[in-house]
Amino acid sequence: MFDWKRVSRDLATQGYATLPLLDGAACRKLAALYDDDTRFRSRVVMERHNFGRGEYKYLSYPLPDPVGTLRAALYPPLAAIVNEWGERHFPPTLEAFLAECHAAGQTRPTPLLLRYGPDDFNRLHQDLYGPWVFPLQLTVLLSSPDDDFTGGEFVLVEQRPRAQSRPAVVPLLQGEAVIFPVHHRPVRGTRGTYRVTMRHGVSRVLSGRRQTLGIIFHDAA
């Protein structure tokens, strides 16, 4: 369905990859789910925690379609990519990986819906919820740029050893996903492979409402 060799290559060369995942109808249906509190386990108002401005809600199990389906389907090819990094071996299925998370006490689902309004933003951060971490995650833009909102760009910042940080702004279309490292990725240099630290965030929304779906593969403690 997707060119996973291209995804692997883009992750290696630029630190992220994009995929078209959802059509407009699916995006609107997921965005509308935000107002149904019965589907979520918790709500976070970012300003209260100095995370930025805006809010997000963590979905409850069982995850709604297509979130659960996407999470299970995208995990195996992404696990094959990170297994090539050689840092540790991840099991071939999401079910097996989540069994390891749950055995370690990380049992709370982490997929989430995020909502931003005018002047909202998300500070640079990493989505770590315990010692068990799957190295890749993704964000799907549910709103339509220019039609639903302006501003609000997805931003990645890469910190290499003994170098200044390198930012990347990733333009997304409605239904498009950006795949990116949770906290670090390997980079091949002239003296071998080394780690670079990654953080992500969202720049200030200028107008309208920006909504996204975040799919994180490890559960939370």
Side-chain angles (χ1 to χ4, degrees), residues 1-12 15-23 26-27 29-31 33-34 36 38-42 44 56-114 125-142 154 156 172 175-186 198 200 211-221:
M1 182 179 181
F2 298 117
D3 183 354
W4 293 108
K5 289 184 178 180
R6 193 267 302 170
V7 170
S8 180
R9 183 173 62 251
D10 287 352
L11 285 166
Y16 67 90
T18 58
L19 289 177
L21 281 188
L22 299 175
D23 61 23
C27 288
K29 184 177 180 180
L30 273 175
L33 193 67
Y34 196 89
D36 182 0
T38 65
R39 306 307 298 266
F40 300 92
R41 66 174 178 84
S42 67
V44 176
Y56 54 88
K57 295 179 179 180
Y58 288 105
L59 288 157
S60 298
Y61 281 134
L63 298 175
D65 282 332
V67 182
T69 303
L70 285 174
R71 197 185 191 207
L74 294 173
Y75 173 89
L78 294 179
I81 290 172
V82 298
N83 283 340
E84 292 178 355
W85 294 359
E87 296 187 355
R88 63 155 289 188
H89 181 78
F90 290 87
T93 67
L94 179 65
E95 182 180 13
F97 174 67
L98 288 179
E100 294 180 354
C101 284
H102 296 175
Q106 294 179 216
T107 59
R108 296 186 298 164
T110 49
L112 68 164
L113 295 181
L114 303 95
H125 64 283
Q126 299 171 326
D127 292 313
L128 302 171
Y129 300 97
W132 287 90
V133 178
F134 187 77
L136 294 173
Q137 65 185 88
L138 60 111
T139 294
V140 185
L141 182 60
L142 302 179
F154 182 86
L156 278 173
L172 295 172
E176 192 171 20
V178 55
I179 302 168
F180 57 96
V182 172
H183 57 344
H184 62 255
R185 70 182 182 94
M198 306 291 293
H200 65 280
Q211 291 186 253
T212 59
L213 162 68
I215 296 182
I216 301 160
F217 294 95
H218 46 274
D219 277 351

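Numbering starts at 1 and runs along the sequence shown.
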In sequence, state the C-alpha distance, the side-chain angles, and the governing distance for Val182 and Phe217, and then conclude on side-chain contact (heavy atoms from CB on, under 4.5 Å). CA-CA 10 Å; Val182 172; Phe217 294 95; over 6 Å; no

Are the side chains of [X] and [Y] in touch, meaning some heavy atoms are under 4.5 Å apart?
X: Ile179; Y: Leu74; value: no
X: Gln106; Y: Pro131; value: yes
X: His183; Y: Met198; value: no
X: Tyr56; Y: Thr212; value: no
X: Thr38; Y: Ser60; value: no
X: Trp85; Y: Ser8; value: no
X: Leu59; Y: Pro111; value: yes

Quick one: closest heavy-atom pair of [X] and [Y], and the distance?
X: Ala17; Y: Leu11; result: N-CD2, 4.1 Å
X: Gln211; Y: Tyr34; result: NE2-CB, 3.8 Å
X: Phe180; Y: Tyr16; result: CB-CB, 4.4 Å
X: Ala12; Y: Arg185; result: O-NH1, 3.0 Å
X: Leu112; Y: Tyr58; result: CB-CD2, 3.9 Å
X: Ala79; Y: Pro91; result: CB-O, 4.0 Å

Spatial distance of atom [atom1] ([X]) from atom [atom2] ([Y]) [nearest 0.5 Å]:
X: Leu21; Y: Leu142; atom1: CG; atom2: CG; answer: 10.5 Å
X: Leu141; Y: Cys27; atom1: CG; atom2: SG; answer: 7.5 Å
X: Thr18; Y: Phe154; atom1: OG1; atom2: CZ; answer: 11.5 Å
X: Leu98; Y: Thr93; atom1: CG; atom2: OG1; answer: 8.5 Å
X: Ile216; Y: Thr110; atom1: CD1; atom2: OG1; answer: 4.5 Å
X: Leu19; Y: Arg6; atom1: CG; atom2: CZ; answer: 5.5 Å

What's the verdict on side-chain contact (heavy atoms from CB on, under 4.5 Å) for Val67 and Arg39, showing C-alpha distance, side-chain angles and the deciding distance? CA-CA 12 Å; Val67 182; Arg39 306 307 298 266; over 6 Å; no

All N/O donor-acceptor pairs, side-chain side in residues 132-139, below 3.5 Å, sequence neighbours left out:
residue	atom	partner	partner atom	Å
Gln137	NE2	Asp127	OD2	2.8

Taking the six-membered ring of Phe90 as reference, does the NZ or CZ atom of Arg88 fall below 6.0 Å from its centre and within a 45° cone about the axis? yes

Return the set of residues passing ring-ring contact (aromatic ring centres under 6.0 Å, His included) with Phe2 (not counting sequence neighbours), or none when no residue passes. Trp4

Name the orientation class of the two ring planes belonging to His218 and Tyr129 (parallel below 30°, tilted from 30 to 60°, perpendicular beyond 60°). tilted

Verify, without hydrogens or angle tests, whether Arg41 (side chain) and Pro109 (backbone) share a donor-acceptor contact under 3.5 angstrom.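 Yes: the side chain of Arg41 pairs with the backbone of Pro109.
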
For Arg108, the salt bridge (charged side-chain N to carboxylate O under 4.0 Å, His left out) test, sequence neighbours excluded, returns none

